[in-house]
Amino acid sequence: MGTAQQVNSSYRRIQPYVEIMDSTLRDGEQTSGVSFLPHEKLVIARKLLKDVRVDRIEVASARVSEGERDAVSMICRYARQAGMLERVEVLGFVDGHLSVDWIDSCGGRVINLLAKGSLRHCGNQLHKTPHEHLDDILRTIGYARGKGFTVNLYLEDWSNGMKDSPDYVYTMMDGLCDAGIRRFMLPDTLGIMNPLQVIEYFRKMQKRYPGTHFDFHAHNDYDLAVSNSLAAVLSGAKGLHVTVNGLGERCGNAPLSSVQVILKDQFHAATGINESELNPVSRMVEGYSGIAVAPNRPIVGENVFTQVAGVHADGDNKAGLYCNELVPERFGRRREYALGKTSGRANIARNLEELGLELTPEQTQKITRRITELGDRKEIVTQEDLPFIVSDVLKHTAPEDKIRLVSYVVSLASGLKPLASIKVNICGREYEASSTGDGQYDAFVKALRCIYRDALGRTFPTLENYAVSIPPGGRTDALVQTVITWRCGDRLLRTRGLDADQTEAAIKATFKMLNIIEDNGKNNK
């Protein structure tokens, strides 16, 4: 049996439990440009503890700011009421009583003490000998334990310590292993390690200090954070540190979602993570951080459960030939079949089936050709576009749009809110309304909402997402493509408008959505 098979087989038998500590609110906040407000930290912390069910969260660094004090106090208050206070951790420093007292004043009971894990850091940053630093650490630990704290300890720059000064690392461990530390946390602070080094160094630590609880904290500078984390588990690490969406300093940390699925699927390790909440917490952190998730990021990216090639859709129809264990339903998502020049009949047939449209093979072929033409021009085709493409291609004698824009005027003046006056025809009857808004399109939509609310007694759909793209080149007359996602009850619709004017493109997308709802009889009356 080969090495990989031996590893897989042994993990199937043992199925170890791996603690997951999420550091989004501490290390993740060190991402350039990211700063969470106290209430945002509380919301994320509750989501991680209650819904995602990570084992622990690291929520802040001690003594940073009054805002951090407020955030830690709010989180600790919630965690105490929920019986989860021991799962909330705060980074503290070897500063005598200062960090411990700060955390204590916030209601925290767990300190993650930051000590130096390499001789270079100890000498060049602290200007102390290893034994002087060790004495300082022991005094801080003694004070923290005297106040009833749980103490975990980071050996900062441990990876370089093992490479360049292993005797220093062992000196620190020898002096600390009987000091009442709950977990020793071993960081690859500069993201320099590869999986083979992780295995080598972890096994040395395990052999020298058997029975010690070691965590591994990976950084992603060489794009190896996930691989290194798994190598650490393979070598006996009992805990891993992650962040939502891989946030963190420089290139970030190991992403929670990727670590979870590889632990479960590839190593058959057990965790407490609720996988159906990985996507919701990703969206939440994306919104609060302002850092967009790449569409192709595994598990949580927008496109990762979208098949584009027609041959893949055909294979899915034939015993799921292009599916793996990462089925979208596992994460509360669903598989989609993109429409473009590589779609093919199988892909388009899947979308038509979901819409309840039944076409002959000849008709489907015509639709396929039209979508291929659109794809060649790099136009995005959504599932909601299909009925319109079908009507256009097959020359159906369908009635005109039931909801049409008759006319509108949008005014913009310095110092005044934009004003929109509109006239629309809904099922043969005309309605007028005016409204101001924070922008031209906002004013237009608010006027539409007035008509739906006051004249029709209907609920206007909620705008969920609004994206604008302009083709490369930077020309002032470039076409603007506006893609808007709407929520109508429990249904999401994504519609597209294309025009030289951004507001006009958004209006086209809006009326397309209203006609889809009208045609499907989905209005809330």
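All values reported here derive from a predicted model rather than from experimental measurement.
Under 4.0 Å is where a charged nitrogen must lie from a carboxylate oxygen, and between E325 and R330 no such pair does.
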Is there a side-chain contact (heavy atoms from CB on, under 4.5 Å) between F460 and V445 once you walk through the steps? CA-CA 9 Å; F460 194 83; V445 170; 4.0 Å; yes
Criterion side-chain contact (heavy atoms from CB on, under 4.5 Å) on R491 and I516, from CA distance to verdict: CA-CA 12 Å; R491 183 186 182 196; I516 290 171; 4.1 Å; yes
Assess the residue pair R120 and D164 against the criterion (salt bridge (Lys or Arg N to Asp or Glu O under 4.0 Å)); give the C-alpha distance rounded to whole Å, side-chain angles, the decisive distance to 0.1 Å, and a yes or no. CA-CA 9 Å; R120 189 166 62 110; D164 303 329; 5.2 Å; no
Mind running salt bridge (Lys or Arg N to Asp or Glu O under 4.0 Å) on K446 and D442 for me, showing each step along the way? CA-CA 6 Å; K446 284 181 177 177; D442 184 51; 3.3 Å; yes
For S282 and N245: C-alpha separation, side-chain torsions, deciding distance, then whether side chain to side chain donor-acceptor pair (under 3.5 Å) applies. CA-CA 6 Å; S282 172; N245 298 338; 2.6 Å; yes
Begin from the C-alpha positions of N465 and T485 and carry the test side chain to side chain donor-acceptor pair (under 3.5 Å) through to its verdict. CA-CA 5 Å; N465 192 37; T485 303; 4.7 Å; no
Is there a side-chain contact (heavy atoms from CB on, under 4.5 Å) between D22 and V52? Walk through the geometry before answering. CA-CA 10 Å; D22 186 281; V52 184; over 6 Å; no
In sequence, state the C-alpha distance, the side-chain angles, and the governing distance for H217 and W158, and then conclude on side-chain contact (heavy atoms from CB on, under 4.5 Å). CA-CA 10 Å; H217 180 104; W158 167 80; over 6 Å; no
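Within a 6.0 Å radius of CZ in R46, no more than 12 heavy atoms belonging to other residues, nucleotides or ligands are found. Annotation: Y222, atom OH; neighbour count of heavy atoms from other residues, nucleotides and ligands within 6.0 Å does not exceed 12.
Considering only heavy atoms from C-beta on, M173 comes within 4.5 Å of M205 through its side chain. Counting heavy atoms from C-beta on, the side chains of L153 and I141 come closer than 4.5 Å. Taking the side chain as every heavy atom from C-beta outward, F267 and V233 never approach each other to under 4.5 Å. No side-chain heavy atom of L134 sits under 4.5 Å from any side-chain heavy atom of T129. In this structure, the side chains of L119 and P130 come closer than 4.5 Å at one or more pairs of heavy atoms. No side-chain heavy atom of L224 sits less than 4.5 Å from a side-chain heavy atom of M193. The shortest side-chain heavy-atom distance between S99 and R63 falls under the 4.5 Å cut-off. Contact of the T271 side chain with the K264 side chain is not registered, since no non-hydrogen atoms from C-beta on lie closer than 4.5 Å.
Ring pair Y154/H241: centre-to-centre distance below 6.0 Å. Taking the six-membered ring for Trp and the full ring otherwise, Y209 and F184 have centroids separated by 6.0 Å or more.
A distance of 5.5 Å separates CG of L176 from CG of L138, quoted to the nearest 0.5 Å. Distance CD1/I75 to CG/L49: 8.5 Å, rounded to 0.5 Å. Note that the CG atom of L48 and the CG atom of N274 stand 12.0 Å from one another [nearest 0.5 Å]. Atom OG1 of T189 and atom NE2 of H121 lie 6.5 Å apart (nearest 0.5 Å). In this structure, H97 NE2 and D95 CG are separated by 10.0 Å, a value rounded to the nearest 0.5 Å. Atoms CG and CG, on L240 and N253 in that order, are 12.0 Å from each other to the nearest 0.5 Å.
Between F36 and T24, the shortest heavy-atom distance links the atoms CE1-O, 3.9 Å. Of all the heavy atoms in S235 and V198, the pair that sits closest is OG-O, 4.5 Å. Here the closest non-hydrogen pair linking T31 and G248 is OG1-N, 2.7 Å. In plain terms, the two heavy atoms of M162 and V169 that are nearest each other are SD-CG1, 3.8 Å. For the pair F149 and G108, the tightest heavy-atom approach, listed with the atom from each and the gap, is CZ-O, 3.5 Å. The shortest heavy-atom contact between E249 and Q30 is OE1-NE2, 3.0 Å.
Residues T510 and Y441 bring a donor and an acceptor atom of their side chains to less than 3.5 Å of each other. Of the N and O atoms on the side chains of Y201 and D188, not one donor lies less than 3.5 Å from an acceptor on the other residue.
Applying salt bridge (charged side-chain N to carboxylate O under 4.0 Å, His left out) to D215 and the options R56, R182, K238 leaves one that passes, R56. Results of the side chain to side chain contact (heavy atoms under 4.5 Å, CB included) test with R109 over V90, T150, D104 single out D104 as the only residue that passes.
With hydrogens and angles disregarded, a donor-acceptor distance shorter than 3.5 Å links the side chain of D55 to the backbone of I20. Side-chain atoms of E277 do not come within 3.5 Å of backbone N or O of D51 as any donor-acceptor pair. The main-chain N or O of S257 is never found under 3.5 Å from a side-chain atom of Q260 such that the two would form a donor-acceptor pair. R139 places no side-chain N or O within 3.5 Å of a backbone atom of V94 that could act as its donor or acceptor partner. Checking side-chain atoms of E286 against main-chain N and O of V293 turns up a donor-acceptor pair under 3.5 Å.
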